[in-house]
Asks: 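Pasting a structure below so you can have a look.
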Amino acid sequence: MSCIILQLGQCGNQVGQCVFDTLIEDNLTHSNQTKLSITNDSSINDYIRHSLDRFFIQYENKLTARALVIDTELKVIEQLMNEKSQSKRHWSYEKKCVIEGRLGSGNNWACGYRNGSLAEENILNSLRWQLEHADRVDTILPILSLAGGTGSGLGAYVVECVRDELPRSFLLTTIVVPYTSGEVVVQNYNSLLTLSHLYHSADALLVFENDILQQYAKKLVSYSGIDRPTNIHDMNNILTRHLCSFLQPISNKTISICEINYLLESVLPHSFYKLLTLRCVPQLSDQALDFSTYNWSSLIKTLSQMYINNSYLDERLNWLLKPNQTRTKSIANLFLARSYDKEDIDKDLKQYFNHETFYSSFISSSDYYYLFNYRDKSYLNYEKYLSLISNCQTPVSALDRIVNKSWQLFGQKAYLHHYYKYDIDEQEFLNSFVQIEQVIKSYNQL
Amino acid sequence: MAQNIIVQVGQCGSQIGCRFWDLALREHASLMSSTDPKKCIYDASLSAFFRNVDENKNTSLSYPSPIRTLKARAVLVDMEEGVLRSILASPLRDLFDGEQFIRDVSGAGNNWAVGNRFYGEKYRQILSDEIRRQAEQCDSLQSFMLIHSMGGGTGSGLGTFILSLLDEMYPKVCRIVTPIYPSKDDDVITSPYNSVLATRVLTEHADCVLPVDNDSLIDIVSRCDSSTKKNDNDRCPFDSMNTIVANLILNLTSSSRFDGPLNVDLSEIPMNLVPYPRMHYLISSQIPAPFKMTTNSSIPRNINQIFRDALSPHFQTLRVRPQIDGIYIACGMILRSKTIQMSDIRRNIDLLKLKHMKFVKWNEDGWKVGLCIVPPNGLPYSLLTLANHTCIKETFSELKERFTILYRRKAHVHHYTDHMELGDFEQARENLNQLIEEYKNIEQTNELLDTTENKNSSISTTNIPRLNVLS
């Protein structure tokens, strides 16, 4: 029923704030209002009610986000909590759920991990506070980036703690893979250690890559006609839109509103395959939306070509590739269709996604993909929005890159003394290498 | 925000330190409105180096609060009276409490052993008490910054003693040292001894060292200041030289004090730029050379030009040639500018990497970038480059040579053996040798990696193959 979002580190906090803003925005936009009369008022009200209940605590007309704000530096938290930004929003964070440190983690995973053990009590107390204010919590959503010290190190510790505290809830971790060309020199070490710890504790890892988000943002900015460089806000916006399209209420033929873990169960058939990717169409800037109309079959066709090309963007696709030349295989796919029309897309989906070459050989054809719909309201400003969550081989190349570079550094024993200082020794690194190599191998064997 | 404590030791250290406090105050003052005293707030960036004290009640105020009296987070140590007395007579005296001065009368006589062993023992308790007092007044202590010269007695001897004391007392707190190496024709004859003995302690106990060479400072000043006539032809322009070093520390800490899209804390600098614990010597260079308000015409306007200048040896604080010999292990850039964006920086870094800079094979992405939106006082931008480069072994080799010339004859050694043993000299030289070997090793390993790749051989002894999962 309710989900608690854990905002870990600078990236987690910036994205988390965006997520709540976007959820509210989505609840407030009915783009079908201008075009058609609202056909199903009660359904939309249901939608809004469920969405608010899932992510906010409602009390006396005030909305409090179901979130923990955790960081080891004050800068980002101050920005989130200061008067000016609070006044612009209709919702707020609960002060008891803000856990801040002063010193930062110095881009050091080991330092972040230790900060986690120091802050454990505070974090669990805030978590319990949130749990008390929710009827039933099924999903916990940590958001973190892999490169730095806090998000990755502290984040890994927090996820482990939460797993111990709530062994039965579903932990879907959103991770942001850093730029290949490097923001932090030891980012590959940090990413490696985080991934191996998360793979143990979390149920699913939803992977976003900064490189891709940057390309996507650049494309959108160039479409909008304004000549400016892309910045972090653009990228955060894209990530949040993708994420929210999946977090908002949705239903299928039998159940009116499905829980997030119900959705994800279908896409996580095997406990060792936990990497999820999210592809969405249409990919337009806000300005262009007003001028475009789409039909479902073209959207689905684009999506299938994106899948075949192993890409997240709908540009520079090689349309000549046939389904049997697909560059990625998956275990399961999950479609979320949101619009205000009632068109049936089963036929199109079958035509484009029912190829056995798309899927691993041990999956039976009835389990290839699942479809969930919400057809009484559009998502944000998009007339039609189709999200594809796949458990496929796409993120493996990023993991491969990370392991390669870390192994190079590890072979030279470079930068290790910083981790020894906080009791992370070589064995820990070796365990992580082993774990992630296994993940890569199993995905490659699909 | 995290706090830092400055420890200035010896004559050189004190003078540079005072210049630093002067510039830091100017910087913060220029950011606050000068007319409305109510708006002058003691905020997070000020608390990095200053405490806000209410003189009447004698309590420190935490931020944010209006500024009453600022006290510097510093410990000033000198074994001679001259410099400290002049500080107490200057307008900066209100920045310091009496207890922050630790002084003696007779000086160390340009003798490292006297500074380190004799005065170290004598003042050990007082020093540790004062350091502890300063540290307790900090919310979250992030680093100690040490400033001292290497050629003299107090700076190098007592300074390095304090460094090992800090390592003992606060091992987890970052220790960043800005030592000033003597020029080749320094007045002090025993400066090579002092430098080598001190370098040993630096290698063992510091987290990060930004060595500065008097020779290169003089070069920078004379190159940029060709218009003014020198009053005394023999006197070094110490004021300008001190300003350069003070600005180095200011720019280094700018990103942790002020806001920016990409912040670099002081603890992140060793984390990213120091792969091996002993090889923590970073070559620094600043564009534009900040020692006085240069006229606008001499500042390059083109952003790409800034980055190209960053690699030029003209602005380095050490006399080494990174473009010619040796290899980059890691490189960091901290940019202070309102207008320059991340994408500009990225583009330029890609260009530099491609054409001009040779990195070790295993750390090709060894870059750390910081962007701070507050430019320095009086300049539109400032770029600080910190490079961990193997050409620094040249500096150490030269130092070793100067040391050997003296030590071969055991000249002046008897002054030292009053307080230490002859074996210490040997050990210090051995340590320096080892350091030079380590840097050479990196270069050689990289060559091996290079050649094995070129030959396309499948058997490579230096490149370990990745773990293979047996299904």
Side-chain angles (χ1 to χ4, degrees), chain A residues 10 72-76 78-79 101-108 111 114 148-149 179-188 214 218 228-232 400 403-422 430 433-434 436-442 444-445, chain B residues 1-3 44 138-142 171-172 174 207 256 259-278 329-332 341-344 346 349-350 353 360-369 442 445-446 449 462-471:
Chain A
Q10 181 177 4
T72 52
E73 281 180 329
L74 293 177
K75 290 178 212 118
V76 184
E78 269 175 3
Q79 273 176 12
R102 294 284 172 104
L103 263 184
S105 302
N107 288 162
N108 189 336
C111 183
R114 195 192 63 145
Y179 288 106
T180 320
S181 66
E183 305 156 10
V184 170
V185 179
V186 289
Q187 65 185 33
N188 296 306
Q214 166 98 348
K218 216 160 145 189
R228 61 173 176 86
T230 55
N231 55 30
I232 288 276
D400 203 40
V403 172
N404 231 345
K405 296 219 169 138
S406 321
W407 189 250
Q408 268 184 341
L409 281 179
F410 190 69
Q412 304 289 333
K413 299 226 184 309
Y415 297 103
L416 290 179
H417 66 281
H418 295 291
Y419 294 87
Y420 293 161
K421 247 193 324 192
Y422 294 97
L430 281 173
F433 275 114
V434 168
I436 303 296
E437 290 277 15
Q438 279 178 333
V439 172
I440 296 177
K441 179 105 190 225
S442 18
N444 278 333
Q445 276 178 337
Chain B
M1 294 255 186
Q3 283 108 13
C138 292
D139 255 338
S140 50
L141 179 60
Q142 190 175 51
K172 290 258 162 73
C174 200
D207 282 319
S256 46
D259 228 350
L262 208 55
N263 283 313
V264 174
D265 264 346
L266 275 178
S267 52
E268 290 174 23
I269 291 175
M271 179 72 198
N272 286 294
L273 300 178
V274 177
Y276 300 104
R278 281 161 55 94
I329 304 175
C331 187
Q341 296 288 338
M342 270 310 295
S343 43
D344 293 323
R346 257 184 213 286
I349 288 181
D350 287 333
K353 248 173 48 171
V360 280
K361 271 251 157 306
W362 45 268
N363 202 9
E364 300 243 310
D365 292 325
W367 274 97
K368 178 72 184 153
V369 180
I442 299 242
T445 331
N446 194 56
L449 283 174
T462 46
N463 227 344
I464 312 170
R466 265 169 66 178
L467 295 173
N468 207 353
V469 177
L470 303 165
S471 47

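Excluded from the calculations below are hydrogen atoms, water molecules and symmetry mates; all remaining heavy atoms, backbone and side chain alike, are included. Residue numbers start from 1 in every chain, and the chains themselves are labelled A, B, ... in the order their sequence lines are given, proteins ahead of strands.
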Asks: Which one, A:L409, A:I440, A:V434, leads in non-hydrogen pairs under 4.5 Å with chain B?
Replies: A:L409
Asks: What's the spacing between B:E268 CD and A:H418 NE2 if we round to 0.5 Å?
Replies: 11.5 Å
Asks: Mind listing the closest non-hydrogen atom pair of A:Y415 and B:M271 along with its distance?
Replies: CD2-O, 3.2 Å
Asks: How about B:K353: does its NZ atom have over 12 heavy atoms from other parts shown lying under 6.0 Å from it?
Replies: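 Atom NZ in B:K353 is packed in, count exceeds 12.
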Asks: Tell me the closest heavy-atom pair linking B:S267 and A:G106, and the distance in Å.
Replies: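 That would be OG-CA, 3.7 Å.
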Asks: How long is the span from the OH atom in B:Y276 to the CD atom in A:Q412, to the nearest 0.5 Å?
Replies: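 Rounded to the nearest 0.5 Å, the OH-CD separation comes to 5.0 Å.
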Asks: Quick one: pull up CD in A:Q214 and CZ in B:R346 and give me the separation to the nearest 0.5 Å.
Replies: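 Reported to 0.5 Å precision, the distance equals 7.5 Å.
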Asks: Please step through side-chain contact (heavy atoms from CB on, under 4.5 Å) for the pair A:Q408 and B:L449, ending with a clear verdict.
Replies: CA-CA 11 Å; A:Q408 268 184 341; B:L449 283 174; over 6 Å; no
Asks: Is it the side chain or the backbone of B:L266 that comes within 4.5 Å of chain A heavy atoms, both, or neither?
Replies: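 Contact with chain A: none, neither part.
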Asks: Nearest heavy-atom pair of B:N272 and A:N107: which atoms, and what distance?
Replies: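 Scanning both residues, the minimum pair turns out to be ND2-OD1, 3.1 Å.
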Asks: Chain A: which of B:I442, B:N363, B:L141, B:D344 shares the most heavy-atom pairs with it under 4.5 Å?
Replies: B:N363
Asks: Closest approach of B:D365 and A:K405, non-hydrogen atoms and distance?
Replies: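 Looking at all heavy atoms of both residues, the closest pair is OD2-NZ, 2.6 Å.
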Asks: May I ask you to name which of A:Y419, A:W407, A:Y422 has the most heavy-atom pairs under 4.5 Å with chain B?
Replies: A:W407
Asks: Could you look at B:L273 and say if it's the side chain, the backbone, both or neither that has a heavy atom under 4.5 Å from chain A?
Replies: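 The backbone, not the side chain.
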Asks: So for A:E73, is it side chain, backbone, both, or neither that comes closer than 4.5 Å to the heavy atoms of chain B?
Replies: side chain
Asks: Side chain, backbone, both or neither: which part of A:N188 has an atom under 4.5 Å from a heavy atom of chain B?
Replies: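 Neither; nothing under 4.5 Å.
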Asks: Return the option, out of A:D400, A:L416, A:I232, with the maximum number of heavy-atom pairs under 4.5 Å with chain B.
Replies: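 Between A:D400, A:L416, A:I232, the count favours A:D400.
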Asks: I need the minimum non-hydrogen distance between B:W362 and A:A414, along with the two atoms involved.
Replies: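 So the minimum-distance heavy-atom pair works out to CZ3-CB, 3.4 Å.
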